[in-house]
S.K.: 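Here's a structure for you.
Convention: sequence-line order gives letters A, B, ...; per-chain numbering from 1.
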Number of protein chains: 2
Amino acid sequence: MKRHHQVTIIDIARKLGISKSTVSRALTNNPNVNPDTRKAVLEMAKTLDYQPNMLALSLIKSETRMLGVIIPDIQKPFFAAIVSGIQHAVGRMGYRTIIAQSDESPQIEKENIQALMLSRVDGFLICHTRDTRNFDQIKMLYQKGFPLVSFARICQELPIPKVVEDDFNGLYTTTQHLIERGRRRIALLAGPKHLQASKLRYQGYTTALRQNGIAFDQELVAHTRFLTENVEAAVDRWLALSEPPDAICTIYDAGAIQVLQLLKKRGIQIPKDIAVAGFGNDPATGLVEPGLTTFEQRPYEIGLLAGKHMLDILKKRFTDTPPEITISEGKLVVRGST
Amino acid sequence: MKRHHQVTIIDIARKLGISKSTVSRALTNNPNVNPDTRKAVLEMAKTLDYQPNMLALSLIKSETRMLGVIIPDIQKPFFAAIVSGIQHAVGRMGYRTIIAQSDESPQIEKENIQALMLSRVDGFLICHTRDTRNFDQIKMLYQKGFPLVSFARICQELPIPKVVEDDFNGLYTTTQHLIERGRRRIALLAGPKHLQASKLRYQGYTTALRQNGIAFDQELVAHTRFLTENVEAAVDRWLALSEPPDAICTIYDAGAIQVLQLLKKRGIQIPKDIAVAGFGNDPATGLVEPGLTTFEQRPYEIGLLAGKHMLDILKKRFTDTPPEITISEGKLVVRGST
DNA sequence: TTGAAAGCGTTACCAG
DNA sequence: CTGGTAACGCTTTCAA
């Protein structure tokens, strides 16, 4: 099955004995074309099954109608939902998305940015890896004038639109809820200290404690890199405490689920002995037993918002709209674990 | 932040007072270039931060190094894992993937194929919607000579590489397992009759029954469109039977999970009263209680295989390798539900 | 070893 | 209303 010669406007022109300029005009609805000529062109185009070559068009317009989306891992439901939201938002305006996974590696993230830049995407929507601390690449994109949107794990150092989760409020609300349930020794399974989202959630937690006159106990906080080893170590440490926690609050659902399973394996009653709460309302939180109380996030909406921001930039390209930071609001979903 | 003028080889040529031909040669490692000239060009390229324009290159070579991936829904863990596998397989060879979701709509699937064809992707990896019965679009791609790989929900009517799940064997093994557990009234929650995967799984089920001398009972089979309504109706119907099933086997995990929850809500003991089994080993199956016995599939591997097939076609473009159908083998994962 | 020019498929401008 | 030609950025002959 050999690839056919692609039909071009020149083929149409030749068949019709007219110039390619006229064919082009007819095809692009340019008014300066004799109706009969246009009709003939359109018919011939159909007959020959003509397909315009977007590559040539892109070359002229310096516009590919492709957006680069860089995420750590498409297999995480959170990111998959965001991607879906982005696609549905920008798809309506005829933009396609090239998805690149960084696999949580700053190095791969860098390579992806390079490659997509060479592919001449019209803009980037980026969620950094949990370990990205050097933002030179995205800054380089910014300097080159690429439309940029940062989401979830954002780059704070650039005045670009950002869409984030309801970080502070989420942990504040969840902690408050646990306190209302009578818990006083509330542990926190946190994330890397350098991540903005992680910082804000941590602050939500400490703020709730402070406002309720509960002393902050450094021993009850564990900073993780979102790895299973970290969770296990934290739980072990907490349970060995002379005064173990009566609640464990986490800043991410996968961690909460793991905590839940570790506690159950040790025969600890949930929520009687220890209450557990997550963050995100990941599909899995409704399936475990007891159901996990968690602060709902809407990743699909985050994607939608990020996509809309991108369309805004793309539309009024060179105007400087004040870059806003959009928070996708969430709400507490109370289940059996608290 | 205005987009800079893109640096081209002409800029380099002008700065150096040489022709763009020479610059091109130097940049492409063409041997016919004076080493000194090359060095100067390379340095200048670096100084000016020259980025080759892939668009121009693509136009010349009629090759974009982009692959179109069409899936029903990226938010399903199964498809997300496949996408990940595809990307990791083809990424090594410098191919990028444009992901398009059909949202299970044959119409959108068609539009996506059209759009990606216009974008001049180098090939397509396609998983059809559950409702796709008309394969004109993919046949059109085939006729135009596009490299094609079909996976999971395949098009059987074309001699192209296909990668599928372990359909027959999966349901055969699972049914066999239930029989060994002493079950005799085994219900089947099946899929649409026109889907090849659905057919094969159904056959695996009936074959196992027959080989064990268990009479096939039409009443114990429910064909679904993978919708929650369908599952609820099926369970209701089965429970109302004068002789209800003692096991429910499903051809997809989401269905099994729903069955599990419906039965539990009705106070039915699992697996004592009714055993339940799924297909896929979706991450969620390990989280519900009791854990769901399910036939493990490796969607990531399916993606990897599909990607490799595509690379094969792309390499030896116009040779006709016999199109094979690859089965990604699975194995039974026994948990509490049986 | 280098330069000039053609060509990839289109659009857009300028004459006619 | 139509045709010719330049231009988009690059590679690839063909001459020199």
S.K.: Taking 4.0 Å as the cut-off, does a side-chain nitrogen or oxygen of B:Thr22 come that near to OP1 or OP2 on C:dG3?
M.R.: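 Answer yes for this pair, as a side-chain N or O of B:Thr22 is under 4.0 Å from OP1 or OP2.
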S.K.: Between A:Pro31 and B:Arg25, name the one whose nearest nucleotide on DNA chain D is closer to the 5' end.
M.R.: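 Counting from the 5' end, the first nearest nucleotide belongs to A:Pro31.
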S.K.: Do any side-chain nitrogens or oxygens of A:Thr28 fall under 4.0 Å of OP1 or OP2 in C:dT10?
M.R.: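 For C:dT10, neither OP1 nor OP2 has a side-chain N or O of A:Thr28 closer than 4.0 Å.
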S.K.: Is any side-chain heavy atom of A:Phe135 less than 4.5 Å from a side-chain heavy atom of A:Leu158?
M.R.: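 A side-chain contact is absent here, since even the closest heavy-atom pair is not under 4.5 Å.
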S.K.: Please report the distance, rounded to the nearest Å, between CZ in A:Arg38 and C1' in D:dT2.
M.R.: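 So the two atoms are 13 Å apart, to the nearest Å.
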S.K.: DNA chain C: B:Gly17 or B:Ala56, which has the more 5' nearest nucleotide?
M.R.: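 It is B:Gly17, whose closest nucleotide lies nearer the 5' terminus.
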S.K.: Once you round it to whole Å, what is the distance between P of C:dT10 and CZ of B:Arg120?
M.R.: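 Answer to the nearest Å: 7 Å.
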S.K.: Go through D:dG9, C:dT10, C:dT1 for me and flag the one nearest to the A:Pro52 side chain.
M.R.: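 For A:Pro52, the side-chain atoms sit closest to C:dT10.
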S.K.: Provide, to the nearest angstrom, the distance between the CD1 atom belonging to A:Ile12 and the C1' atom belonging to C:dG9.
M.R.: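 Nearest whole value for this atom pair: 12 Å.
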S.K.: For A:Ile18, which contact category applies under a 4.0 Å heavy-atom criterion: base, sugar-phosphate, or nothing?
M.R.: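 It contacts sugar-phosphate atoms only.
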S.K.: Nearest whole Å is fine: how far is D:dG3 C1' from A:Ile10 CD1?
M.R.: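 For the pair A:Ile10 CD1 and D:dG3 C1', the rounded distance is 14 Å.
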S.K.: Please check: side-chain N/O of B:Ser119 versus main-chain N/O of B:Ala115, any donor-acceptor pairing under 3.5 Å?
M.R.: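 Yes; at least one donor-acceptor contact below 3.5 Å.
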S.K.: Report yes if at least one side-chain N or O of B:Ser24 is closer than 4.0 Å to OP1 or OP2 of D:dT11; otherwise report no.
M.R.: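 So the side chain of B:Ser24 is within the cut-off, an N or O lying under 4.0 Å from OP1 or OP2 of D:dT11.
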S.K.: Can you check the B:Asn32 CG to D:dA15 P distance for me, whole Å?
M.R.: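 Taking atom P of D:dA15 as the reference, CG of B:Asn32 is at 17 Å.
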S.K.: Looking at the side chain of B:Ser21, which of C:dA5, D:dG9, C:dT1 is the nearest nucleotide?
M.R.: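 Out of C:dA5, D:dG9, C:dT1, the nucleotide with an atom closest to B:Ser21's side chain is C:dA5.
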S.K.: What is the distance, rounded to the nearest whole Å, between atom CG of B:Asn53 and atom P of D:dT11?
M.R.: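 About 10 Å, once rounded to whole Å.
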S.K.: With no hydrogens and no angle check, just 3.5 Å: does a side-chain donor-acceptor pair link B:Gln87 and A:Gln101?
M.R.: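 Present: a donor and an acceptor within the cut-off.
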S.K.: Does B:Ile302 offer a backbone N or O that forms a donor-acceptor pair with the side chain of B:Ser328 under 3.5 Å?
M.R.: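 Judged by distance alone, no pair lies under 3.5 Å.
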S.K.: Roughly, in whole Å, what's the span from CD in B:Gln6 to P in D:dC8?
M.R.: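 The answer, rounded to whole Å, is 13 Å.
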S.K.: Under 3.5 Å, is there a donor on one side chain and an acceptor on the other for B:Ser62 and A:Gln6?
M.R.: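 No, no side-chain donor-acceptor pair sits under 3.5 Å.
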S.K.: Could you give the CG-to-P distance, from B:Leu27 to D:dG9, as a whole number of Å?
M.R.: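 From B:Leu27 CG to D:dG9 P: 15 Å.
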S.K.: Please work out if A:Lys61 contacts a base, only the sugar-phosphate, or nothing of the nucleic acid, heavy-atom cut-off 4.0 Å.
M.R.: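 If one applies the 4.0 Å heavy-atom cut-off, A:Lys61 turns out to touch nothing in the nucleic acid.
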S.K.: Let me spell it out: for each of A:Val33 and A:Ile60, pick the nucleotide of DNA chain D with the closest heavy atom. Which residue's pick is nearer the 5' end?
M.R.: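 Nearest nucleotide further toward 5': that of A:Val33.
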S.K.: State whether A:Ser19 places a side-chain N or O below 4.0 Å from either non-bridging phosphate oxygen (OP1 or OP2) of D:dG3.
M.R.: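 For D:dG3, OP1/OP2 do have a side-chain N/O of A:Ser19 under 4.0 Å.
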